[in-house]
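Chain letters run A, B, ... following the sequence lines, proteins first, then strands; residues in each count from 1. Everything quoted here is computed from the prediction, not taken from an experiment.
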There are 2 protein chains.
Amino acid sequence: MARTQGSHSDITGPRVREAALSLFARHGYAAVSMRQIAGAVGVQAGALYNYTPDKQTLLYELMKAHMDELLAARAAEPQQDDPMAALEAFTRFHIRFHARRPEAVFISYMELRNLSPENFAVIEDLRKTYETQLQDILQCGVAEGSFAVRDARITSMALIAMLTGVNTWFREKGRLSLPEVEEIYCDMVRKSVAA
Amino acid sequence: MARTQGSHSDITGPRVREAALSLFARHGYAAVSMRQIAGAVGVQAGALYNYTPDKQTLLYELMKAHMDELLAARAAEPQQDDPMAALEAFTRFHIRFHARRPEAVFISYMELRNLSPENFAVIEDLRKTYETQLQDILQCGVAEGSFAVRDARITSMALIAMLTGVNTWFREKGRLSLPEVEEIYCDMVRKSVAA
DNA sequence: GATTTATCTGAACATGCGTTCAGATCAAAG
DNA sequence: CTTTGATCTGAACGCATGTTCAGATAAATC
């Protein structure tokens, strides 16, 4: 078993995923060829098949990794008992996490239709798991009487759409810093569900 | 000048655009071939070039028509002097207009990167024109003291993202009717900007 | 230094792409 | 009934696609 440590695959593998992430985000899955990805890595197209069985799986694994990271990072956050504090924590977490990974977010949003049905089901399930966490916070607040929300499910989707929308305009070196953005959105979120 | 009335082009032209709209929305611009569009219309691929100079222009014209319709429909709405009434009218209009054209909306958001730079600039300009209308309403409300909004530009984009998000889950025959949806979102929008 | 084997090259495969165009078709105009 | 010309077909163009694979390369092991 030669070349088990320090092998090129330890380097090339991540570079393939990075290149694919960047190119898929910029041009779209269908518009990017395996040769373009290979070119960005500095390798021939055939070599990519040491790292993925096919193009579709490459896309799926990028999205799967993103969703796993999202749920893991969320689980690592400190829990809040008060619904309003929990809502604020969720809002800040969501904005921060997504603003730092614009490419993965973009792909996970735009390329769902390019997944095979089985792969789509997996990603969709993870996404629902995440959404449910916000929904649960809203329901807690309603039960407690601190939130006035007509429909927790719809409201959670509305809030997530609003928060994810940050990625369409936010730029690291823009007019507003991330904490400022968090503040603006926290304000809106808090007021929009307050009793 | 034979066949100037009742010609096939009066029928085939719209059918080409309908087929392209539907296929682009379902599979994405890059993943749909001219032969697929032609097949959906019941014609050979070459015949499409009687109706568009190329595939890119076909996409552009779908998006341009959508944006023109949006601005025209918005302009036809009754004006409201009170900022809160105007905001509510905008919210209801946006949800209603977009829920009725899910395919065109989907394309106009997802396929921007497949436009040539010149075409992109045109569409982007129209989109900004629309966004500015909401921004103006917010600024009126702030000036009047009825709205508490930290940043009218950011807030307008946040609200539009939230409202457009309706299209990701709303189905004509779903649990909630369109008026019910409008009501839920109006509630959130009103509260989120209220002083 | 010989052997092993993970890694990569480079060419090939069938298939599909957007687009063009000469020629067929046929309804309306004269 | 002939002419006209808008409309469409069907084949062709060069090129790109995802994927495969025999063979070259070279680092790690013995």
What integer distance in Å separates [X]:[atom1] from [N]:[atom2]?
X      : N      : atom1 : atom2 : answer
A:N50  : C:dT5  : CG    : P     : 16 Å
B:L48  : D:dG10 : CG    : C1'   : 14 Å
B:Q44  : D:dT9  : CD    : C1'   : 6 Å
A:N114 : D:dG18 : CG    : P     : 12 Å
A:I11  : C:dT7  : CD1   : P     : 11 Å

Quiz item: If the sugar-phosphate is the primed atoms plus P, OP1 and OP2 and the base is the rest, what is the B/S/- string for nucleotides 14-23 of chain C, using protein heavy atoms under 4.0 Å?
Solution: ---BBBB---
Practice problem: Check whether NZ of the Lys or CZ of the Arg B:R101 lies under 6.0 Å from the centre of the six-membered ring of B:F97 and within 45 degrees of that ring's axis. | Solution: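 The answer is yes, since B:R101 meets both limits relative to B:F97.
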Quiz item: Does C:dT7 have OP1 or OP2 sitting under 4.0 Å from an N or O in the side chain of A:T12?
Solution: no
Answer yes when [X] and [Y] have at least one side-chain N-carboxylate O distance shorter than 4.0 Å, and no when they do not.
X      : Y      : result
A:R190 : A:E88  : yes
A:E77  : A:R74  : no
B:R96  : B:E182 : yes
B:E124 : B:R127 : yes

Exercise. Would you please classify the geometry between the A:W169 ring and the A:Y185 ring as parallel, tilted or perpendicular, with 30° and 60° separating the classes?
Key: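 Parallel: the ring planes of A:Y185 and A:W169 meet at under 30°.
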Exercise. Give me the residues of residues 115-122 of chain A where at least one heavy atom lies under 4.0 Å from an atom of DNA chain C, by number, or none.
Key: none
Exercise. For B:Q80, enumerate each residue passing the side chain to side chain donor-acceptor pair (under 3.5 Å) test, keeping only those at least two apart in sequence or located in another chain.
Key: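 None.
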Quiz item: Are side-chain heavy atoms of B:L126 and B:M63 found at a separation under 4.5 Å?
Solution: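 Sidechains of B:M63 and B:L126: no contact.
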